[in-house]
Amino acid sequence: MLRIHNSLTKKKEVFKPIEPGKIKMYVCGMTVYDLCHLGHARVLVVFDTVTRYLRYSGYDVTYVRNITDIDDKIINRANENAEDYSELTERFIRAMHEDAAELGVLPPDEEPRATASMQQIIDMVKALLDKGFAYTAQSDDGQSMVQGDVYYDVSAFENYGKLSGKKLDELRAGERVAVDENKDDPLDFVLWKAAKPGEPSWDSPWGKGRPGWHIECSAMSTCCLGNHFDIHGGGQDLQFPHHENEIAQSEAATGEPFVNLWMHNGFVRINDEKMSKSLNNFFTVREILKLYKGEEIRYFVLASHYRSPLNYSDQLLDNARTALSRLYNTLRGLQVPEDYDENDPAIEKFRQAMDDDFNTPEALAVLFDLAGQVNRLRTDDLDATLQKAAVLKKLANVLGLLEADAEQFLQTGAGEDTDEDKINALIEARKLARENKDWAEADRIRSELDAMGIVVEDKDGKTAWRRS
RNA sequence: GGCGAGUUAGGAAAGCGGUUAUCCAGAUGAUUGCAAAUCAUUUUAGGCCGGUUCGACUCCGGCACUCGCCUCCA
């Protein structure tokens, strides 16, 4: 029985899809004006793992993750670079896809882009105007004031604040909301923004302009998944105002409930502080990939529960590396069969862990228990060893781990190339020395390899090597 | 100020009202020419103060501290 924490009710709930056997899930993706940092990596990995597990559990999942490819930051960055905004976004979309692949993140079923969804966005803004949830307002187009902006009227939506637990009065009492004279209420937010000269723009009934940030997700999600769907996810920082506004827009426009279950992953932190662009304390995925493999980063992310804060440090990545090596060491040298025993008790434990709000740390513990069993069995019962190993590999694969060949994984470093010829030559030389019982020479070669970051292991009459 | 989350051993991180979480690090033993890998055993816990209970890390109350949201953010 799958239970998931719902941000809307702040409780774990038994999950029940709208349509039996099917799950429709939307996750807010990147705004593509820069490289992905570790916080983005967490969203990618977490919801990829959720999707993989839901599919493993037998659900037919439609996973949609959007790309925000037009907004103020993109325009500003393109201006700074003196390049067309679409060149900028194409570049970072490509980079994002590369990073995702390195992290073992499968592509979503659909990846809608804001700029390719203008008709749906305009239709939704129209619907909101028609139903009295929005109003047009004056805007400075660079030359004169025109009636080119459209705002959402938060006071018209009675449940505003239900996701974030905020009340309109309390929000107004806060002094952090910038006062904009064109708005009726400081909390109203823009649906359609009139273009200034030279800005990228799209035709609309309100003149040339571009969508506000929140409306695109309402439009793209309902467009791909229908007015009412099962799960909507994203980082915790999107809960307010972004997701709150999505609910207000979608439910007002369609008159239907929007999303049954909201999932929010916790932040990545560094020195007990949120990692973010604005604090400028972020590490990009690419920087980390120079030192650690994508799968090591993935393991690091999954070693904490998705709703907990995740602290970043080199030591923790080192820890993830060693832990993952233990699993790969276990599979090393085994011809693990595809078929596995579905009645293995570990599978039930694994499912219980994952069914409990995707408890990946607990699920990893099950993998390590299996690894222990495999290592104990392998000295005298190859058949049983392979059976357990098959279960281990299968369950790890559900988490997007242990998909690589063990030997290859252990012999590949992050970033740099391996000079295999040199390594093999040294190992051959050491083999000769050992045959002659010249232990001094054998050990000298071993320390030479060690200095190269190579560990040699003599077992079963053969010498294997791996990266340290 | 409003709202929310958290505080577990040397580090990380879970479950659980009484039985070994797990991973990394450390110790000892087995194995090894010596190592590595692996196995076995093992040392460090539950912010503080009360309460409930035969029994609390686990439930309840208070306090302290940390973090987040309330503005763009994954």
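Protein chains get the first letters and strands the later ones, always in sequence-line order, with residue 1 at the start of each.
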Partners meeting side chain to side chain contact (heavy atoms under 4.5 Å, CB included) with A:Asp272 (sequence neighbours left out):
A:Arg269, A:Asn311
So which protein nitrogen or oxygen atoms get under 3.5 Å of nucleotides 37-41 of chain B's nitrogens or oxygens?
from	atom 1	to	atom 2	distance (Å)
B:A37	O4'	A:Glu457	OE2	3.4
B:U38	O3'	A:Asn375	ND2	3.2
B:C39	OP1	A:Arg326	NH2	3.4
B:C39	OP1	A:Asn375	ND2	3.4
B:C39	OP2	A:Arg326	NH1	3.3
B:A40	OP1	A:Arg376	NE	2.9

List in chain and number order the residues that pass side-chain hydrogen bond (donor to acceptor under 3.5 Å, both in side chains) with A:Asp72, two or more places apart in sequence or in another chain; answer none if no residue qualifies.
A:Lys193, A:Arg210
Give a yes or no on whether A:Gln335 atom CD has more than 12 heavy-atom contacts from other residues, nucleotides or ligands under 6.0 Å away.
no
Give RNA chain B the dot-bracket treatment, 5' to 3': Watson-Crick (N1-N3 with N6-O4 or O6-N4) or G-U (N1-O2, O6-N3) under 3.5 Å, [ ] crossing, | other strand.
(((((((..(((.....[...))).(((((.......)))))....(((((..]....))))))))))))....
Determine whether A:Val455 and A:Trp465 make a side-chain contact, defined as any pair of heavy atoms from C-beta on separated by less than 4.5 Å.
no
Output all residues satisfying side-chain hydrogen bond (donor to acceptor under 3.5 Å, both in side chains) with A:Asp314, sequence neighbours left out; order by chain, then residue number.
A:Tyr312
Enumerate the residue pairs fulfilling side-chain hydrogen bond (donor to acceptor under 3.5 Å, both in side chains) with a member in residues 389-405 of chain A, sequence neighbours excluded, ordered by first and then second residue.
A:Arg52-A:Glu403
Report the residues that fulfil side-chain hydrogen bond (donor to acceptor under 3.5 Å, both in side chains) with A:Arg444, sequence neighbours left out, ordered by chain and then residue number.
A:Glu441, A:Glu448
Do any of residues 398-405 of chain A sit with a heavy atom less than 4.0 Å from RNA chain B, and if so which?
none
Atom pairs, protein N/O to nucleotides 29-34 of chain B N/O, distance under 3.5 Å:
from	atom 1	to	atom 2	distance (Å)
B:G33	N7	A:Arg434	NH2	3.4
B:G33	O6	A:Arg430	NH2	3.4
B:G33	O6	A:Arg434	NE	3.2
B:G33	N1	A:Asp443	OD1	3.0
B:G33	N2	A:Asp443	OD1	3.3
B:G33	N2	A:Asp443	OD2	2.7
B:C34	O2	A:Arg446	NH1	3.4
B:C34	O2	A:Arg446	NH2	2.2
B:C34	N3	A:Arg446	NH1	3.0
B:C34	N3	A:Arg446	NH2	3.4
B:C34	N4	A:Asp458	OD2	3.2

What pairs of nitrogen or oxygen atoms, one from the protein and one from nucleotides 8-12 of chain B, lie under 3.5 Å apart?
from	atom 1	to	atom 2	distance (Å)
B:G11	N2	A:Asn319	ND2	2.8

Using ring-ring contact (aromatic ring centres under 6.0 Å, His included) as the criterion, list what pairs up with A:Tyr306, not counting sequence neighbours.
none
For A:Arg286, the side-chain hydrogen bond (donor to acceptor under 3.5 Å, both in side chains) test, sequence neighbours excluded, returns A:Glu98, A:Asp99
Counting the atoms with a prime plus P, OP1 and OP2 as sugar-phosphate, which does A:Asp369 contact under 4.0 Å by heavy atoms, base, sugar-phosphate, or nothing?
sugar-phosphate
What does A:Ala323 touch in the nucleic acid at a heavy-atom separation under 4.0 angstrom: a base, only the sugar-phosphate, or nothing?
sugar-phosphate
